[in-house]
Every structure is written in structure tokens, then in C-alpha cells.
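This report refers to the structure that appears directly beneath it.
We count residues from 1, following the sequence as given. Since we're looking at a predicted model, the values are computed, not measured.
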Amino acid sequence: EQNYIQKVWSNLLDKCSDDITQLNNLTTAGNYTMTEDERLRAIGKVYKDMQDKNDFANSFYNEVKVLINQRVKEQIEVKELRGMYDETAN
């Protein structure tokens, strides 16, 4: 689970980095030959893509928090059960 979570975050950060590179290219003179309307549409697309990534990151973060809480609860329950088992074994 930890490897999966780390892969997802790493992949998301890579894609964000790509978007930032694209935005830098769009806003640096001489990189593209396009009209201002085309440039603004392209910047708008990068903006929307980053918003989508932000929404995904927030959703994924909340899912990870739930998973962590479940794992902590399971560990507590296991410790409690072991304690009860140890008491009955004596």
C-alpha cells in the first residue's frame, strides 16, 4: 500500500512538473508561434489540468487518511485481542 501511494504521488508530481514546464514555455517569448488567443487557450488548458490534478490530490489524500485510520484501528484491535488471549492463556 505504501509503495502504491508513493507511486501515485510521484506520478502526480511528475505530471505537475510537466504542466509547469508547459506553462513556462507558453509564457516565454519565442518558444511558440501562436496568436494571443491561442496562447490564452493553451494557458487555460494548463490551468484546468492543474485544477483537475489538485482535485485528484485532495481526494486521494482523503482516501489515504481513511486508510491510515483504518490501519491504526486494526493495530489497536489486534493488540487488544492479543492482550485478551494472553489473559485467558494464563
Side-chain angles (χ1 to χ4, degrees):
E1 290 172 341
Q2 289 176 343
N3 288 336
Y4 171 74
I5 292 167
Q6 193 161 7
K7 271 186 177 177
V8 170
W9 283 124
S10 179
N11 188 31
L12 182 62
L13 290 174
D14 288 345
K15 289 182 178 188
C16 287
S17 178
D18 292 345
D19 284 346
I20 290 169
T21 299
Q22 177 69 10
L23 186 60
N24 282 331
N25 289 337
L26 286 166
T27 57
T28 301
N31 284 338
Y32 296 108
T33 303
M34 55 178 51
T35 66
E36 283 304 306
D37 285 344
E38 292 171 330
R39 188 178 311 276
L40 289 173
R41 275 194 298 276
I43 291 170
K45 182 184 179 320
V46 172
Y47 178 76
K48 184 186 178 320
D49 289 347
M50 287 297 283
Q51 282 184 317
D52 291 345
K53 287 174 184 68
N54 183 58
D55 291 344
F56 172 80
N58 287 326
S59 174
F60 189 70
Y61 172 76
N62 289 329
E63 290 176 21
V64 169
K65 279 187 0 184
V66 168
L67 180 63
I68 290 170
N69 289 335
Q70 288 173 337
R71 294 297 179 255
V72 168
K73 184 178 177 184
E74 288 171 2
Q75 289 176 350
I76 291 169
E77 290 172 353
V78 166
K79 285 180 184 179
E80 289 174 352
L81 288 172
R82 284 185 180 151
M84 286 191 277
Y85 178 76
D86 288 343
E87 289 175 9
T88 59
N90 292 330

Assess whether atom [atom1] of [X] is packed by more than 12 heavy atoms of other residues, nucleotides or ligands within 6.0 Å.
X: Gln2; atom1: CD; result: no
X: Asn3; atom1: CG; result: no
X: Glu74; atom1: CD; result: yes

[Y] and [X], any side-chain heavy atoms less than 4.5 Å apart:
X: Asp14; Y: Ser10; result: yes
X: Ile68; Y: Arg71; result: no
X: Leu23; Y: Ile43; result: yes

Only one of Arg82, Glu80, Gln75 passes side chain to side chain contact (heavy atoms under 4.5 Å, CB included) with Val78, and that residue is Arg82
Salt bridge flag under 4.0 Å for residues Lys45 and Asp49: yes
On a heavy-atom basis, the closest approach of Thr28 and Asn31 is CB-ND2, 3.2 Å
In terms of hydrophobic clustering (I, L, V, M, F, W, Y; side-chain heavy atoms under 4.5 Å; direct or indirect links), are [X] and [Y] co-clustered?
X: Leu12; Y: Ile5; answer: yes
X: Leu67; Y: Trp9; answer: yes
X: Tyr61; Y: Val64; answer: yes

[atom1] of [X] to [atom2] of [Y]: how many Å apart, nearest 0.5 Å?
X: Gln51; Y: Asp19; atom1: CD; atom2: CG; answer: 11.5 Å
X: Gln22; Y: Lys15; atom1: CD; atom2: NZ; answer: 15.0 Å
X: Asn25; Y: Tyr32; atom1: CG; atom2: OH; answer: 4.5 Å
X: Asn58; Y: Glu63; atom1: CG; atom2: CD; answer: 11.5 Å

Across all chains, not counting sequence neighbours, the ring-ring contact (aromatic ring centres under 6.0 Å, His included) partners of Phe56 are Phe60
message = For the backbone of Asp55 and the side chain of Ser59, can you confirm whether one donor and one acceptor N or O come within less than 3.5 Å of each other?
response = no
Across all chains, not counting sequence neighbours, the salt bridge (charged side-chain N to carboxylate O under 4.0 Å, His left out) partners of Lys79 are none
